[in-house]
J.: 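Have a look at this one.
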Amino acid sequence: MADRVYLRHSTDKQTDARQRHALAALIASGAPVYDDPATSSRQLSLDRVGFTKLLHEAAVGDTIRIADAARLFRSVADILALRPVLIRRGLHLRVESGLLSGIDLAADDPGTKMMVNVLASVLEFQRDMISENTRQGVAAAEASGKTLGRPTALAPDKAAEVVTAYSEGAAVKALAREHHVAPKTIRRVLDAAHARRLPDQLDALPVPEEPSGPAADTPVTLDLPGLLADHLRAADDDTIRQALIWGRIIRRGKGYSIRLTMPLELHHAALQQSAALAAEGAGPAERKAHRVYATRITAAQQQKTPGN
């Protein structure tokens, strides 16, 4: 049973110095540190690269240590998606100092669940108030004629060149080297022009054909890897979330999968909604899980195709 330290700050102008000070004793003792720098609290914790790596490496009984609750979650939706994952994996969650320092926030009892939900509501309210004040400040600055934000890294004509080159097959990193900017700048330009439909990594994945005809409505039983299930629990698709609830959990060593019986169309929808796990920044285990599920869907579709 080990301690694992998690750090997060929201923008590239902030640091994690205060968090490291609060967790100094643990860090000095050699506890592994995972961080998500310049990561908004609006991004669910299960979608963050650093926290996902922590989950992959944590063993049953390990304790996640954070300086304050807002570093990990700041909304009711986030904690509702997070707690079942921690409970199922046998992990503990503790705030290092303050009023909550003596409480395991991942404990599976009604009192802790109620307290955590109330805490998440307060943190969400604080975040929304900060956002509202920021919007009001921006509106006032714009009304007074001030120019907001930093200058763009690429001029409009250069951005157009990037989009054209990408559509002709140029790689993101090659474009970044050519224009002397970070790859994320190139991706931002491409996304603004709607030039990237799917992450580059998906090109190498098996892409199942969309089901058609009567076979599309026939229920098919497939095992959904647990990493994809954890991601889909926070999705907006009520149909898929309901299918996860009714699915059968299959334990596989430290991991698990969920046996789902539903039309191939829904399996395709689940694969599409978990595309972030095959994107750049996702862990090897996540990419493998996405690839395995895609392969299972392809095999199921081929079996239902007449003549196979």
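Quick caveat: nothing in here was measured; it's all calculated off a predicted structure.
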J.: Can you check whether Gln19's main-chain N or O pairs, donor with acceptor, with Asp16's side chain at less than 3.5 Å?
T.: no
J.: Can you see which heavy atom on Pro225 is nearest to which on Tyr293, and at what distance?
T.: CD-CB, 3.9 Å
J.: Side chains of Arg20 and Thr15: does their closest heavy-atom pair fall under 4.5 Å?
T.: no
J.: Out of curiosity, Gln43 CD to Asp78 CG, how far, rounded to the nearest 0.5 Å?
T.: 9.5 Å
J.: Nearest 0.5 Å, what's the CG-OG distance between Leu55 and Ser45?
T.: 8.0 Å
J.: Evaluate the side-chain proximity of Arg233 to Leu80: yes if any heavy-atom separation is below 4.5 Å, no if none is.
T.: no
J.: Hey, is the main chain of Pro37 close enough, under 3.5 Å, to the side chain of Asp35 for a donor-acceptor pair?
T.: no
J.: Side-chain heavy atoms nearer than 4.5 Å, only ILVMFWY residues, links allowed to pass through others: does that put Ile240 and Leu271 together?
T.: yes
J.: Can you tell me how far apart CG (Asp128) and CG (Asn133) are? Round to the nearest 0.5 Å.
T.: 11.0 Å
J.: Just one of Asp104, Leu86, Thr63 clears the side-chain contact (heavy atoms from CB on, under 4.5 Å) bar with Leu91, so which one?
T.: Leu86
J.: Dump the intermediate steps for side-chain contact (heavy atoms from CB on, under 4.5 Å) on His268 and Gln272, then the final yes or no.
T.: CA-CA 6 Å; His268 278 279; Gln272 183 178 5; over 6 Å; no
J.: Any idea which heavy atoms bring Ala243 and Leu260 closest together, and the distance?
T.: O-CD2, 3.3 Å
J.: Quick check against the 3.5 Å criterion: does Arg71 have a side-chain atom that pairs as donor or acceptor with the backbone of Arg8?
T.: yes
J.: Please tell me if the side chains of Met115 and Leu119 come closer than 4.5 Å, counting only heavy atoms from C-beta onward.
T.: no
J.: Which distance, rounded to the nearest 0.5 Å, do you find between the CG of Leu266 and the CG of Leu222?
T.: 11.5 Å
J.: Looking at Asp36 and Phe51, would you say the former's side chain and the latter's main chain have a donor-acceptor pair under 3.5 Å?
T.: yes
J.: For Leu72, is there any backbone N or O sitting under 3.5 Å from a side-chain donor or acceptor partner on Arg48?
T.: yes
J.: Tell me, with the steps shown, if Glu96 and Val5 meet side-chain contact (heavy atoms from CB on, under 4.5 Å).
T.: CA-CA 10 Å; Glu96 189 59 21; Val5 174; over 6 Å; no
J.: Carefully, step by step, assess Arg248 and Ile250 under the rule side-chain contact (heavy atoms from CB on, under 4.5 Å).
T.: CA-CA 6 Å; Arg248 177 187 172 191; Ile250 309 296; 3.6 Å; yes
J.: Please check if the side chain of Arg83 supplies one atom and the backbone of Asp108 the other of a donor-acceptor pair under 3.5 Å.
T.: no
J.: Spell out, as yes or no, whether a donor-acceptor pair under 3.5 Å connects the side chain of Asp3 to the backbone of Arg65.
T.: no
J.: Determine yes or no for a side-chain-to-main-chain donor-acceptor pair under 3.5 angstrom, with Asp62 supplying the side chain and Ala59 the backbone.
T.: yes
J.: Are Ile87 and Lys113 packed together at the side-chain level, in the sense that at least one heavy-atom pair is separated by less than 4.5 angstrom?
T.: no
J.: Would you mind listing the cluster partners of Leu227? Hydrophobic ones only (ILVMFWY), side-chain contacts under 4.5 Å, chaining allowed.
T.: none
J.: Locate the shortest heavy-atom distance separating Pro219 from Thr261; write the atom from each residue and the value.
T.: CB-CG2, 3.8 Å
J.: Test side-chain contact (heavy atoms from CB on, under 4.5 Å) on Leu23 and Leu7; report intermediate values, then the result.
T.: CA-CA 10 Å; Leu23 300 162; Leu7 311 171; 3.7 Å; yes
J.: Would you name the heavy atoms of His179 and Leu154 that are closest together and state the gap between them?
T.: CB-CD2, 3.9 Å
J.: Identify the two heavy atoms, one from Gly50 and one from Tyr6, that lie closest to each other, and give their separation to 0.1 Å.
T.: C-CE1, 4.4 Å
J.: Verify, without hydrogens or angle tests, whether Glu286 (side chain) and Gly283 (backbone) share a donor-acceptor contact under 3.5 angstrom.
T.: yes
J.: Please confirm whether the backbone N or O of Gln273 pairs with a side-chain atom of His231, one donor and one acceptor, at under 3.5 Å?
T.: yes
J.: For the residue pair Leu190 and Val172, establish whether any side-chain heavy-atom pair is separated by less than 4.5 Å.
T.: yes
J.: State, to 0.1 Å, how close Leu228 and His290 come at their nearest heavy-atom pair, and which atoms those are.
T.: CD1-N, 3.6 Å
